[in-house]
Structures are given as structure tokens and as C-alpha cells.
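Here is the naming used below: chain letters follow the sequence lines, and residue numbers restart at 1 for every chain. The basis for the numbers below is simple: all heavy atoms, side chains too, and nothing from hydrogens, waters or symmetry mates.
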Amino acid sequence: MTARDAIARFVDDGDTIYAGYTCIAFGLCYEIIRQRKKRLEVVGGSVGQQATLMILGGCVDRVRSGYLGGALRPGVITEMMSDGRLRYEDYSNQGIALMLMAGALGIPFIPTRSFLGTDYLRPEFAEHPGAYLGDQKWAEMESPFDGQKVVLLPALRPDVAVLHAQRADEEGNVHAWGHQGDSKWAYWAAKKVIVSAEEIVPSSAIRSDPSRTIVPGFRVSAVVHMPWGGHPTSITGYYDYDYGFHARAMRAVTRSVEAYEAFAAEWIHGVEDHAAYMAHYREVFGQEAIDRLVATDGPEPELPVRYTHAPTLGLG
Amino acid sequence: MTARDAIARFVDDGDTIYAGYTCIAFGLCYEIIRQRKKRLEVVGGSVGQQATLMILGGCVDRVRSGYLGGALRPGVITEMMSDGRLRYEDYSNQGIALMLMAGALGIPFIPTRSFLGTDYLRPEFAEHPGAYLGDQKWAEMESPFDGQKVVLLPALRPDVAVLHAQRADEEGNVHAWGHQGDSKWAYWAAKKVIVSAEEIVPSSAIRSDPSRTIVPGFRVSAVVHMPWGGHPTSITGYYDYDYGFHARAMRAVTRSVEAYEAFAAEWIHGVEDHAAYMAHYREVFGQEAIDRLVATDGPEPELPVRYTHAPTLGLG
Amino acid sequence: MQYSEDYTLAEMMCVAGAREFPKSGVVLLGMGLPVITGVLAKMLHAPEIAICTEVGAFDYLPRADIPRASIGIHDIILNDGSAMVSDMVDALGSLLMGGNVDFGVLSAAQVDRFGNLNTLVIGDYRDPERRLGGTGGNTEIACLAPRVMTLMPQERRRFVPRVDFNTSPGYIDGPGARKRAGLEGQGANIVVSTVGVFGFDTADGGETGSCEMVLEAVFANLSPEVAQSECGWDLRLAPTVAELEPPTVEEISLLRRLDPYQFYVTPGRY
Amino acid sequence: MQYSEDYTLAEMMCVAGAREFPKSGVVLLGMGLPVITGVLAKMLHAPEIAICTEVGAFDYLPRADIPRASIGIHDIILNDGSAMVSDMVDALGSLLMGGNVDFGVLSAAQVDRFGNLNTLVIGDYRDPERRLGGTGGNTEIACLAPRVMTLMPQERRRFVPRVDFNTSPGYIDGPGARKRAGLEGQGANIVVSTVGVFGFDTADGGETGSCEMVLEAVFANLSPEVAQSECGWDLRLAPTVAELEPPTVEEISLLRRLDPYQFYVTPGRY
């Protein structure tokens, strides 16, 4: 499936979208902006530059996360937060990860001992201007087993999770490796999962190493073949974070609406898809800029694994 | 470390031991029996024949699980359950798995929607003769977020988890693949982890494929090199379940104390360690019986993975 | 299509169970007969289903030259062909509790008129006549799967008016009971025995109707009376009790090929 | 041992922080300065520590020819040398919440006299002067790690009497407060600034003493007065405020090698 079809078909205006800090489906998020989706909620432990762009692109009106990179410095995002165009509920990385876990497990809440002793729980802060969850944000209780104080976090079930991985088959079975952040639980918590992958491989290759699979195909609504689909972020074994691009093309986007519009005109709306985006990148910065990102350094597995079994159980 | 040293040093009388249904550290459990440990509690979603033998060997006086294979048919184990020598608390596979997860996560309880509508929760059954957890077994509540009824399961933190895996390094970093049952959460929930492994490999080999690692060495108290350490159960890629041995040597153990004693005299106390056990196996059943178990059939991974990164982040 | 002329009722139970599988969706197989029946279904009738086990195999694809159906759910042969292999929290948790299972398949020691199962104990739990192994993941699947099929030999000691201990809720004690307990409404839908196939008298997943088991079809050459004679309560019959097609030669020969060591279907065992 | 004669106070903050690492145990590194400081510590002073990140790297072993310290905690270079790489629930959950972390290292926008941190907002949360990125895993580490070190430039706007928003509890508002809140008693133990190293006035992990920050040592050629001048409250001084050894050439040269693109230590940034 193309990214265009996948986003058109599976992302609806108003949806809650998981978009995290690792396994970032940057190309799919560009496509969400390209299609000018509206009123999305973005969720994730930390949400990175792809969320910043979706907010600046007018796609997002709510963020539920522990970290929003675009708010790190004063600018358009923080203005949107203060004037109510962007509502927000502050959690933490593990708060969101546990909420996704609870969503995945089909349980209505999960306890944590984090947040105790913080100002997050102070009642006078519950009604901040960004708030939209009210009493559905969290609750406090004592364990019936040992009296331990805990904070109950409600389950989080995004409508859609967008994720990028190293490889997948046509059925949507995904192989991924390297640190995964909170993505694993998002794969299970989301009602729909859209995966972009560097490579589409035969199903037999996925099934020959099934412990490498992080989500089965029947959980995946669409799989998109998208080389460099994480760019300008990194994907283990393929390419590294493109800080050069960040410095040269992307840095200014939060500073002014105009700066974002200029970036988007060139890099999002000015290209028809992620392949065209990468072609434009090559035109602007040259093949050598791409070559420098390619992941050539570091380990390859030294030992094979086998999934073999005995045909006869010792009874033959 | 030898199995003898590991069990002597890290398993104390009275401990709660995780011993599951996959990744079964059968050789370590034989050693627990060999050392005549006492008053152990065995926990695990389902607990298999290794638990049966530890019970018959007089090492165990409590079982907290969803399935105890040794109680499947009338015999010594069911007699011990009815006369109070073996106390028991019945849960389910996922009940125990979630309790281990809660133990791993350091939260005092975790909700589930399982058990609702069953007789497990009927108050008149709380005081059955095997009971030893009282009001620490579970609790019921309604979600403060949506009113959903849930059962709260208390965290379970075994003193020791014994597990068998394909390979580990000297630091205790463990590579495992194939289905894992509830072992992953036991690795994190247990205060001490003892791992036996088919192969001890250089640390660089483990670190060259770190997504294959299921527990870091600093969580592992002892790692024991023990080829065939899962026998007579199976380990993916190495050997299969030995149903022949089960039929020829082990089947009768629950039927009478004498049958167990005969088995133990030959296969546990009659051999000094697991290598001697396998040597004895070879003497009794022949090399061809071993050869039939070797896992030769099935897939090997078709595609490699890389953990590489770019040295320069595109900035060099 | 050639019918087999040499088969046991236990074999026919597996064959009939395999025919009852849905044609697509995610199927979670419990211990025992569900495994071989599920593999039979996947290979013959329902190639699109995704077979999963509670130990951590997801979307198991039996290869054409499969040497055996897995013995139990912890058999490492399940790594051979699965799309994903992970663990129990993924399988009973994210998969089942998370609402991703369409159809669960179980076996048990007892079933009652409301489709409740017992895997734990015969007699009073506090002073049992006989202790069993335990429920494993049976309780979770019965509580949380939206549809459940149970495979159970038709014996009076197994088909009881009320299970001695309800480990695995069907409709509990009638219409509305599942919802009152905090579960979704559906519960048990199909029971396949060594005599026939049963549904349940509820049009809307446990809200109305008697929610009792109903004999819908019998195996070839058997009558509803056989089912009644091995059932501990007055069995409801469908307005028309159908007679099932006998097993085909293909069904029986594959079933036997999947069970080369007679772990699943041995004379006298069922 | 040759001392460096050319270093910034931000560099000395990293050097001093690296020296304060424990010699063994499990260390969880937060975003930013903790990462490069932790790698420096592992390579120079504390080879036995197991470095972990909240994104999922466990026991990271920097190789001798390391081209850079990881940029942030999501840098894929952390896969190179780690004993295990998994995910956030394993790292902030099983590792941290499960009680397996010995030492957490943090940075923040503000710290107060009780070692509380603020990573969220400057001013009133309901009408902020300035919004920040957010806490990430900072809250979890401060709540749940038994010992915490915080790296923070010594500036009056950062060293405030009371953090504008307590995202990450130190001793909250004094002795006993952590236990009353439901946390373990220990809380923040070390703050390293661009002036010196601070401990806390509590002999028993938050039960007694004032639980206030105490200046224990200053960098070479700096005085306690510098710390006080860039601190928003009356700073407690240890009976003897030590002067730290200057950075060695080895420390500074490795630090710079680990930061080839000046992500961590740039003039004007700290």
C-alpha cells in the first residue's frame, strides 16, 4: 500500500495518533500533514519533531505526552499552548508507556508509584488551561494488599499508531531491533497500526526468525514500503539521525509560522511522497550528505540462531 | 559456576521459586532435589514435571500456579494436597504472569478482567484446606475511570527464578528465542535469577545482537553452563521434548512414593551432576536415543540483522 | 469426496470441531484437543485463520510436510512457521485481554447446561473427590474471548447439570449473568462432543433466551438419544437436529498424520 | 597526572559529575548532560557500572574507539556495545520501578533547596511565563531511584528557593516528606553545578536533618561565594568546603572526543 492510501484510509480527522520517540514513522507523519488531517490528538511518552511538524501543520489540537520537543523553546508551539489552540495533558515517559500497556492489556487502569510527591497531582493544577481529560487523567488509591499509595493511570488506546521498522512482509509481520521506546505497547494498544518499513521481505524470511517479530500482521492495518521512512531520524542498522538536516532546513520551524510554511512548502507539500522528498534531499544536499548518514559502523551479530526441532520427539 | 554451587549459594530453604512451563531449568531443579532443599514454594503460570519432582522429593510445601501437571491424575501429589503436606493457591496462567509482571514493575497489584464470573472468587472457597494467602490472594474493585469491574492481583516477587536458555555469557547476559511463556517477567520479578545455558559464549557475541538478550547480566546471580540442561523438556534449536524418557523412566513417579524413590535414586541422587545424568542416559538408552532428540528440522533465519550506525551523524 | 469408513468418534469429534472453525480471524487454541483440531482446521478448512497459543506463538503456519501437530502448546515445533513468537503476556494479555481474539477453543473436564467449564476439581473444592491439573489459560479464554468452542467427549460424568467448580464461565446461570459479572455478554457458543455439535439458546449473546446448550447436529448414524443418554440434564434439541457428514478420507488421514504418536486420539482415551 | 589548563566550567561540571559516579551498580542516565557524563565516568572512573537508558539500552559498553557519546538517549549508537536492548517498559518499569537502579543521573531547568527538580514550566503552571519540553522520564527517576545526581549550571534562575513546579521530587519540603508522599525516603543526593558539588543535610535519607542542599566542594579557583551569588536562597555550606582537583588532560581530552559536534558542551549553552 502507498503511504497516501494508508493515511487516507486509516487516519480520520479527530483520531488519537501514537507517534513516539523511537521507531519514528516520519514519512507517514509527513503524509498526514500533506493530507491536512485535522483535530488529531498526538500521544506518546516523548513525542519528537514529527509531532512538532504535525502541530505546526494544523493537524493537531491535543497532545498527551511526557515530552513535547517543539515546546522546548519559546515559539509557535508554546504560543499555541498558551492561547488554547493546542491543548495538552502532561504525563511522563513511563506514565504514557504504562497507559499504553494498560490499553494493550485491555485493563481499565494500571498503578504506578511515579508522580507521588510531585506537583502533577496537586488539585489546583488540574484545571490548567490546556486540560481536557478532567477526572479521567488519573486517580490515587492505596493498595488493598499493603496500603502502598499508588497513582492509577487510565488505559490509553490510540485510534492509530504509526511506526517505522527495519523490515516487514506483505502481511504486516514486522521485524524490528534496536531500542524500541514505548512502541511495542503502542502496537498492541492502538486500534489501527500503520507500519512503514525500510524493506519488504518474503513472509518466509520473517517466519524464519519469529522471535525478531514485534507485531503480528493481523494487528497491522497497512504496511508501506518506504526506504528512508524514518528520515530525518534514525533507524538501527540503516541510517543515523540527520542533525545536519535539522540544522540546515528544520531548525527554524517553531520560531515563526512563516518559517514553518517555508519548510513545509519545500519539504512536505512541495513533494508528492517520501521518495520525492528523498530525491529533493539529494538535489539540495547531494548524494554525499546521504552517504554520510548510512549506518556502516557498529556490530553485526556474531552468532546465528536456530529455530529447529526434532522431527520425531525421540519416538520415531 | 557449577549448578551445585549456584543452588547451594542462592536457593535457601523456605524460598519462593519460579519454575515455569517453558525455558525449564530441569537440570537446576534436579540439583535442588539433590541438595534436599526444604519448604520451598513453587510459582509459575503452569508448572511442569520439574515441579512435580521437587514436590515428590520433599522440597516443596506450597504451590501458587494455574496448572500443576503432577496433580493431573490421582496419586502422591493429590494425596499431599488433600492431607495438607502440599498447600496450594489456584490462579491461572495469565493470573500468575500478570502477578509476575506487577512484581517486576514494582507495583503492588495489577488489575485483570479474568476470574470475573468464576467460582474462584466465591467467598466460601477462600478457606479451602490448601489456602495460605488469605486476603492477600486477590481483591475486587471497580475502575474509578469507567466503573468496569476488575480483579486486583497482588504482585509476586519470587526469591529465585531458575531458567534455562540457549546461550549466555559469563556476565549472565542471556540470549533466548522461541516462545517464552511467563519467563520474561520472572527474570525481572525474582530477587535472584539463576540461569543455565546450553552454551557459554563471549560477551561480544551477546552484545553483537542485544535485541536477542532477554535479561541483562546484572539481574543474574549465577550462570551455569549446562548442555542438555532442559532435558527431558525441550529448548528451541537444540533438542526436543523427550517423551520417550517420560514414558520409559518418568511416567510412574506420581503413582507411588516407591516409584519416585526408584526414579530419584537412579536419575537424581544416583548421579553427581547433570553431565553425569546425561552420561547415564547414554548408557541406558544409547546414543541413538539422544540423536533422535537433536533439533535438526525447521527454519534458520534467512536474513541477517545489523546494529550499525553512522559514525558522523551526517556532520563529519 | 470420499467418506472414511474407519474412524472413531473421538476422531469425528476433531473433524467436526475443525469444520466449525471460522474462516478467518484470530484463533486462540487451549491445551489438548484444541491444538490438533486447530491445525486440522487450518490445513483443511480455514487457511486464513491466524492460530495463536497462550505460550507465545502467533499466526502459526503449519508447513505442508509437517511431521506432527504440536504436542501441547509448549512444543517447540510451534516456532516453525509462526509469524511471531513471544510470550504469555503478549498472548493472553495483549492478544486476548486486549480484544484481538475472535475465537477460542478449549477442552475441560466438565461442561454444564450453560456452557460453563471446570478444569480444576471434581467434587467440592474444599474436599474434592478428585483434583485436576488446573485451568492454565482456560479461565482467561472463557472469560475474555468473544466466541468459544469446547471439545469434550460425551460422557455423563462430563456433561453435568452444574459444573462442580466454574473455572471458565459460559453463560454462568442464565441470561444477563455474564454482564452482571463484569464480562462481555457472549460466552460459550459451540460444544463439540463425541456425539454431536451443540449451540446455545440465546439469540443475542447471553442477553435473552434460556442460554442453555442445544443439540444442533449429531454425527452420522448417531441419534439425539445417544447424546441425552450421556448427558446429566434434560437436553434441549434444535427444532431439527441435523446429521453431520461423515469424515472424509482426507480428514481422517490428515488427522492421523498430525498425530503420529497417538497423543491426541488414542482408543480408550476419549 | 597532568591537569588541564584550558577548560570551561561546563566541562568541569561534566568532569566533576563523572567523578561522583559510584564504582559499581546500575546507573540510569536521563536526557542531556547525564549521557555524556555517564559515558565519561564509565570510560575513566567506573568501568564496572552498568549504564542504562530509559529508551531501552542496558549495560552499555562504550567501545575504545567510540566515535561519539550518544546524542540523547535515543541515539542508535547505544545499540553498539549494549548487553541488552529492549524498551521503555523494561527500562523505566522492570529496571527502575522494579528497584534495580542504584543511581539515577538527571538534569533539569530548576532545582531548589530540597533538591526538587522542575522540567516542565517556568512560572505558574496555569499561566506560565515559559513552557518547557516536559519531564520525559525525569519524574520516574526522581521518584524511584534510591540515589540521584543532578547536573545543572549554577545560575540564580535555576537554583531557586522553590521550584515553580515540582516534577521530580527531591526531599519535597523537608524531613519525612517523601515517605508521607508514598515514596522511599532517600531522594536527591548530589547536585553538580558549574561551581561545585552539593550534598544534602540528612544523615538517613530524608528522615532527619534539614534535608537542604549543602555546598560540599567547589571547583579549583572558585569560592563558595560564587555559588551563593548564583543561588536564590541562603546556601548551607559544609563545615569545610573542599576544593576539587582541576580536570586532568585525560578527562578534558576524552570529554571533547566524546562530544565532537559540541552538542553537550558549547560556549554559552551552559
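For D:Met31, the part lying near chain A is the side chain, with the backbone staying farther off; criterion is any non-hydrogen pair under 4.5 Å. Contact of D:Glu54 with chain A is made through the side chain alone, with heavy-atom distances under 4.5 Å. Interface remark: A:Trp177 contributes no atoms to any contact with chain D (heavy atom separation under 4.5 Å). Only the backbone of A:Tyr91 comes within contact range of chain D, with at least one heavy atom under 4.5 Å from a heavy atom of that chain. Using a 4.5 Å cut-off between heavy atoms, A:Ile77 makes no contact with chain D at all. For A:Tyr239, the part lying under 4.5 angstrom from a heavy atom of chain D is the backbone only. Heavy atoms of A:Ser82 lying under 4.5 Å from chain D are absent altogether. In this structure, the portion of D:Arg180 lying under 4.5 Å from any heavy atom of chain A is its backbone and not its side chain. D:Leu78 touches chain A through its side chain: at least one heavy atom from C-beta onward sits under 4.5 Å away, while N, CA, C and O do not. Interface remark: D:Arg131 contributes backbone and side-chain atoms alike to the contact with chain A (heavy atom separation under 4.5 Å). Only the side chain of A:Thr22 comes within less than 4.5 Å of a heavy atom in chain D; its backbone stays farther off.
With rounding to the nearest 0.5 Å, the separation of CZ in D:Arg63 from CG in A:Asp297 is 4.0 Å. Taking OG of D:Ser86 as the start and CD1 of A:Ile214 as the end, the distance is 12.0 Å to the nearest 0.5 Å. Put simply, OH on A:Tyr241 and CD1 on D:Ile71 are 11.0 Å apart, with the number rounded to the nearest 0.5 Å. To the nearest 0.5 angstrom, D:Met88 atom CE is 10.0 Å from A:Ile96 atom CD1.
The two residues A:Ser92 and D:Thr139 have their closest heavy-atom pair at CB-CB, 4.4 Å.
Between A:His128 and D:Tyr125, the two ring planes are tilted [angle within 30° to 60°].
Side-chain contact check for D:Asn166 and A:Thr118: no donor-acceptor pair (N or O, by modelled atom type) lies under 3.5 Å.
Contact of the D:Asp87 side chain with the A:Trp185 side chain is registered, since non-hydrogen atoms from C-beta on lie closer than 4.5 Å. With contacts defined as side-chain heavy-atom distances shorter than 4.5 Å, the pair A:Pro299/D:Asp80 qualifies. Side chains of D:Asp90 and A:Gln180 form no contact here, defined as non-hydrogen atoms less than 4.5 Å apart. Side-chain contact check for D:Thr135 versus A:Asp90: every heavy-atom pair is 4.5 Å or farther apart. Contact check for D:Arg126 versus A:Glu124: side-chain heavy atoms found under the 4.5 Å cut-off. A:Tyr67 has its side chain out of reach of D:Asn138: every pair of non-hydrogen atoms, C-beta onward, lies at least 4.5 Å apart. A heavy-atom distance below 4.5 Å is not found between the side chains of D:Met97 and A:Arg113. Contact of the A:Asn93 side chain with the D:Leu92 side chain is registered, since non-hydrogen atoms from C-beta on lie closer than 4.5 Å.
Residue with the most contacts toward chain D among A:Gly130, A:Gly45, A:Ala131, A:Gly178: A:Gly178 (heavy-atom pairs, distance under 4.5 Å). Heavy-atom pairs under 4.5 Å with chain A peak, among D:Asp127, D:Asp124, D:Val85, at D:Val85. For the set D:Gly137, D:Pro169, D:Gly136, D:Cys143, the entry with the most heavy-atom pairs within less than 4.5 Å of chain A is D:Gly136. Among D:Gly133, D:Ala181, D:Ala142, the residue with the largest count of heavy-atom pairs under 4.5 Å with chain A is D:Gly133. Ranked by heavy-atom pairs shorter than 4.5 Å toward chain A, the options D:Asn118, D:Leu183, D:Ile172 are led by D:Leu183.
Under a cut-off of 6.0 angstrom, the local environment of NZ in A:Lys137 is crowded, with over 12 non-hydrogen atoms contributed by other residues, nucleotides or ligands. Enclosure of atom CD in A:Gln148 by more than 12 non-hydrogen atoms of other residues, nucleotides or ligands within 6.0 angstrom is indicated.
The closest donor-acceptor contact from the side chain of A:His179 to the backbone of D:His74 lies under 3.5 Å.
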